[in-house]
Amino acid sequence: MKEDNNELNRRDVLKGLATVPVLGAFWGVAQTKKNKDSAVKEQIFKELNIEAAKPPVSGSMEGNPLRIGIIGFGIRGEQLLRAAGFATKEWKEEMKKNNLENPKDLRLKEFLEQEKLNIKLNGVCDVFDVRAESAIEAGSVDGNKPKRYLHFEEMMASPDIDAVIIATPDHWHAPMAMAAAKAGKHVYVEKCMTHKVGETYDLKKTIEDTKIVFQLGHQHRQTQSFLTAQDIIKKNVLGHVSLIQVATNRNDDNGAWQYEIHEKASPKTIDWQQFLGNAPKREFDAERFFRWRKWWDYGTGLSGDLLTHDYDRINTILKMGIPDSVMASGGVYTHIDGREVPDVFQVVMEFPNYTSGTSQEKGKEKGMTFLYTSTLGNQYDRGTLVMGHDATLELGAQLTVMADPRSTRYKEMIESGLVKTDVPMSSYNPSAKGVDAVSGATAKYFANKGMMYTYRDGKRVDSTFLHIKEWLSCIRHGGTPSCNIQQGFEEAISAHMATASLRLGKKIIWDHEKQRMANVSEAELRSVGMA
């Protein structure tokens, strides 16, 4: 019978009791166990060789202030502007109150201590008067008051704007980003990058031609654990990855896009025609304005809103690119309220030629499936799993690696008891400043998606702040942002393939050579408003 390295076994205890006083016996046994654990950790560290990722280096924020304009100051727009250093008076008052009620709520303190990015908010554009005024108030600091532009084209033509942050409904992302690039303005735009398939190609060409600095708003690319996960894949810790399982579950009206309709909303306070833009014309509808994600005319559904996050998180570490094929299904099952966009959604992406390395004979393993499921009627967290022949990676703000009982690479370590398959073989918690190994069952963590904050040297930092800072650094010093136009193209096309599959009722095939959907005509895309 093998000794258990993780338990104070009875034989060790009795042996200690026979030779020394009771307290000394337990102390000796505890030290023996500690030494054994250290030796086990050392062996596993040597085998895995996982390195805690170093954060990307950004250049200095010194010099002349960059002059920023923001287009769209809704829920996400306000968050982006706050990450850039500008918070509304209402938010600061609310956070102060929250801290008094709960001293552990340090959001205001963290905001006030946030590094200054040396920018001026010179322009605001929002078709809703109330939001525009709120953005102007937030950006009025150090004697600088932003100018309100009634039309985004006026902002693009202004010599007082160097770069723009676009946080509008999806159907405005590409038109505004292209207009900005052609005017020589750098662009930070929220996902989904585009609303239609055709404009995805147009935007990519425009960014490449103008050579402005482009960043897509997938802030999880700054999350420390994802950077470390890249090292796990690079060193073939998991073996051949054949299945990715990701899920997004929500269970409240706000999560289902039932956003509050402002009491001051009316045709007098909202430029309805400008909001519609290239969408079909219709009479003023406050619900469509505030809850636009529920309709295909303005949004990209669960594909563009939530799937894109999970796809890009995996693409960050696996770099698998656009799938060979996509199949999707779903329906409106939990919020039957007039919406068009499904609230329950499943997507299967196939990558038949993908390989992440192997520990078995060559040729035995090749191919991977990416499985995404979502419901807006249940919030049970199923985590994100990257499943390989040798181990499974649970991916979130923290990381856990579990050895597979049938692993080839770890077979001898499992048989010897060095590696156990019911506790993590390795875990990484950025807040703890390093990697730990052979943790107990309590090392299993709540695997959130790492989109709210990450850690730098053990200190919690807003991921969106880091993503904006990276963009600004590239503007100032050169370089390519982590979520550039190529990453955005892969994200948008993959999401559009899922939406097209759902709406056209068939598997969508990707032609890698021609960079086109192989079995979808323009007429079909036009029939569902995706051309």
Side-chain angles (χ1 to χ4, degrees), residues 58-74 76-88 116-129 131-169 172-190 193 203 206-217 271 274-275 277 464-465 467-479 481 483-485 488:
S58 62
S60 168
M61 294 292 111
E62 295 180 358
N64 294 326
L66 285 172
R67 302 166 301 173
I68 304 296
I70 187 164
I71 310 174
F73 196 65
R76 186 56 181 159
E78 183 175 342
Q79 293 168 347
L80 288 166
L81 201 58
R82 188 162 60 246
F86 306 98
T88 64
K116 305 304 180 186
L117 296 179
N118 190 22
I119 58 178
K120 286 184 177 180
L121 183 65
N122 269 14
V124 168
C125 184
D126 195 294
V127 298
F128 183 27
D129 292 342
R131 286 178 174 170
E133 292 165 4
S134 181
I136 290 170
E137 179 272 322
S140 296
V141 296
D142 298 330
N144 181 67
K145 182 178 180 180
K147 175 182 177 180
R148 182 184 181 185
Y149 294 90
L150 296 177
H151 298 274
F152 77 92
E153 294 93 343
E154 297 173 2
M155 180 183 288
M156 304 311 175
S158 172
D160 299 323
I161 302 293
D162 300 314
V164 296
I165 296 173
I166 301 170
T168 62
W172 270 116
H173 288 177
M176 289 180 176
M178 284 189 284
K182 290 174 181 177
K185 318 295 185 188
H186 303 289
V187 174
Y188 183 110
V189 64
E190 271 301 307
M193 189 178 83
L203 177 57
T206 299
I207 300 302
E208 292 172 343
D209 288 348
T210 58
K211 296 180 171 56
I212 59 94
V213 178
F214 177 91
Q215 179 86 298
L216 184 61
D271 186 339
Q274 188 175 179
F275 163 78
T464 300
F465 161 79
H467 208 48
I468 290 175
K469 180 183 177 182
E470 180 188 75
W471 173 58
L472 297 174
S473 177
C474 290
I475 294 173
R476 286 187 165 105
H477 306 289
C483 205
N484 54 65
I485 190 61

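Everything numeric in this text was worked out from a predicted model, so none of it was measured. All residue numbers in this chain count up from 1 along the given sequence. Values below: all heavy atoms of this structure, side chains included; hydrogens, waters and symmetry mates excluded.
- Looking only at side-chain heavy atoms (C-beta outward), I207 and I212 come within less than 4.5 Å of each other.
- Applying the salt bridge (charged side-chain N to carboxylate O under 4.0 Å, His left out) test to K469 and every residue at least two apart in sequence or in another chain returns E115.
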In residues 176-186, what donor-acceptor pairs under 3.5 Å come from side-chain atoms, sequence neighbours left out?
from : atom 1 : to   : atom 2 : distance (Å)
K185 : NZ     : S158 : O      : 2.5
K185 : NZ     : I161 : O      : 2.8
H186 : ND1    : V213 : N      : 2.9

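- With 3.5 Å as the limit, one finds no donor-acceptor pair spanning the side chains of Q79 and R82.
- At least one side-chain heavy atom of I68 sits less than 4.5 Å from a side-chain heavy atom of L472.
- For H467, the ring pair (Phe, Tyr, Trp, His ring centres under 6.0 Å) partners two or more places apart in sequence, or in a different chain, are Y188.
- F275 has its side chain out of reach of T168: every pair of non-hydrogen atoms, C-beta onward, lies at least 4.5 Å apart.
- Every residue two or more places apart in sequence or in another chain was checked for a salt bridge (charged side-chain N to carboxylate O under 4.0 Å, His left out) with E154, and none qualifies.
- Atom CG of D209 sits in a crowded spot, with more than 12 heavy atoms from other residues, nucleotides or ligands closer than 6.0 Å.
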Using residues 120-127 as the side-chain source, report each donor-acceptor pair under 3.5 Å to any protein atom, sequence neighbours left out, with the distance given to one decimal.
from : atom 1 : to   : atom 2 : distance (Å)
N122 : ND2    : D160 : O      : 3.1
D126 : OD1    : F128 : N      : 2.8
D126 : OD2    : F73  : N      : 2.7

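- Partners of Y149 under the ring pair (Phe, Tyr, Trp, His ring centres under 6.0 Å) rule, at least two apart in sequence or in another chain, do not exist in this structure.
- Considering only residues two or more places apart in sequence or on other chains, R476 meets the salt bridge (charged side-chain N to carboxylate O under 4.0 Å, His left out) condition with none of them.
- For the atom pair E137 CD and S140 OG, the distance stands at 7.0 Å (nearest 0.5 Å).
- R67 is linked by a side-chain hydrogen bond (donor to acceptor under 3.5 Å, both in side chains) to D162, counting only residues two or more places apart in sequence or in another chain.
- Take F86 and apply the ring pair (Phe, Tyr, Trp, His ring centres under 6.0 Å) test, not counting sequence neighbours, and it matches no residue.
- Take E133 and apply the side-chain hydrogen bond (donor to acceptor under 3.5 Å, both in side chains) test, not counting sequence neighbours, and it matches no residue.
- For the side-chain hydrogen bond (donor to acceptor under 3.5 Å, both in side chains) test, residues two or more places apart in sequence or in another chain that qualify with D271 are Q274.
- Taking the salt bridge (charged side-chain N to carboxylate O under 4.0 Å, His left out) definition, one finds that D142 meets it with nothing, sequence neighbours left out.
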